[in-house]
Amino acid sequence: MAELSALEDPKIRAVNERHGDDHGVNLGKIREIAKRLKTQQDLARRLWQTADTAARLLALLICRPKAFERDELDAMLREARTPKVHDWLVNYVVKKNPHAETLRLAWFADPDPVVASAGWALTTERVAKKPEGLDLTGLLDDIETRMKDAPDRLQWAMNHCLAQIGIEHPGHRARAIAIGERLEVLKDYPTPPNCTSPFAPVWIAEMVRRRDDT
């Protein structure tokens, strides 16, 4: 904790706070510490319990993802209110845990939009890698009905799922693009040069073009 505290940079904190993250430690520095520490599940749990964002990010890098029980991950997600901790927990830990599918189903239907966004993130993973058994038409129906007015984090996750369906599944591509064009979610999102817009019709078209070029 002292080492993390010494790495605190007010300028980094100011940038992070604009995105809802309450820490000022360079993520590259956190990764360097994690590389040195290697996997240490007990230390990871202790770091998580501090509730400090930088410590929790480090914990997620040195933990053993398959070692967590379902209820433990559920509790961790509900505590992970900052976007970066939430994102790393879902992508680095939950996706590698044997309880990922049961958590996906539980979180997807959760009334808390931040928790639900994790369910959508896990669903997007399945859309891309294991779509068997998913009701893609039903997902598009849900997105079409709810995405426009969804809170930011949930809206972002639903939009990612929309784009992934359009990219991965040609039979649903035209409808995914049409939904994106009609709802216009993230249409005007500021996108740096050489980056792909998160606006679903543009995102889908660009990713499909790249695949066709290879």
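Fair warning: this is a prediction, and the values are worked out from it, not measured in the lab. Computation of the quantities below employed the complete heavy-atom set of this structure, encompassing side-chain atoms and omitting hydrogens, waters and symmetry-equivalent molecules.
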Check ion pair [X]-[Y] (N to O, under 4.0 angstrom):
X: Arg210; Y: Glu206; value: yes
X: Glu3; Y: Arg36; value: yes
X: Asp9; Y: Arg13; value: no
X: Glu168; Y: Arg211; value: yes

Is any side-chain heavy atom of [Y] closer than 4.5 Å to one of [X]?
X: His86; Y: Arg153; answer: yes
X: Arg56; Y: Thr53; answer: no
X: Glu181; Y: Ile177; answer: yes
X: Leu154; Y: Val114; answer: no
X: His169; Y: Val127; answer: yes
X: Ile33; Y: Leu58; answer: yes
X: Leu89; Y: Leu73; answer: yes
X: Arg78; Y: Asp110; answer: yes

In Å and rounded to the nearest 0.5 Å, what is the CG to CZ distance from Leu136 to Arg126?
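If we round to the nearest 0.5 Å, Leu136:CG and Arg126:CZ are 9.5 Å apart.
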
To the nearest 0.5 Å, how far apart are CE in Met207 and CZ in Arg209?
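So the CE of Met207 and the CZ of Arg209 are separated by 9.5 Å.
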
For the backbone of [Y] and the side chain of [X], can you confirm whether one donor and one acceptor N or O come within less than 3.5 Å of each other?
X: Arg173; Y: Ile167; answer: yes
X: Asp142; Y: Gly138; answer: no
X: Asn159; Y: Pro198; answer: yes
X: His19; Y: Pro83; answer: no
X: Thr102; Y: Ala100; answer: no
X: Arg64; Y: Gln41; answer: no
X: Gln155; Y: Lys148; answer: yes
X: Asp21; Y: His23; answer: no
X: Ser5; Y: Met1; answer: no

In one Ile/Leu/Val/Met/Phe/Trp/Tyr side-chain cluster, 4.5 Å: Trp120, Leu105
no

What about Leu37 and Trp48, same hydrophobic cluster or not, with Ile/Leu/Val/Met/Phe/Trp/Tyr joined at side-chain heavy-atom distances under 4.5 Å?
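Yes, Leu37 connects to Trp48 through the hydrophobic network.
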
Can you see which heavy atom on [X] is nearest to which on [Y], and at what distance?
X: Leu162; Y: Ala200; answer: CD2-CB, 3.7 Å
X: Thr196; Y: Trp203; answer: CG2-CA, 3.9 Å
X: His99; Y: Arg70; answer: CD2-N, 3.5 Å
X: Val90; Y: Ala121; answer: CG1-CB, 4.1 Å
X: Cys63; Y: Thr39; answer: O-CG2, 3.9 Å
X: Ala176; Y: Ile204; answer: CB-CD1, 4.1 Å

Using side chain to side chain contact (heavy atoms under 4.5 Å, CB included) as the criterion, point out the one residue from Leu122, Leu103, Leu139, Val115 that pairs with Phe108.
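Only one of Leu122, Leu103, Leu139, Val115 forms a side chain to side chain contact (heavy atoms under 4.5 Å, CB included) with Phe108, namely Leu139.
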
Verify whether one side chain among [X] and [Y] offers a donor that lies under 3.5 Å from an acceptor in the other.
X: Thr82; Y: Asp22; result: no
X: Trp107; Y: Asp112; result: no
X: Arg104; Y: Thr123; result: yes

Please work out which of the three classes, parallel, tilted or perpendicular, describes the rings of Tyr92 and Trp88, given edges at 30° and 60°.
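Ring orientation, 0 to 90° scale: tilted.
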
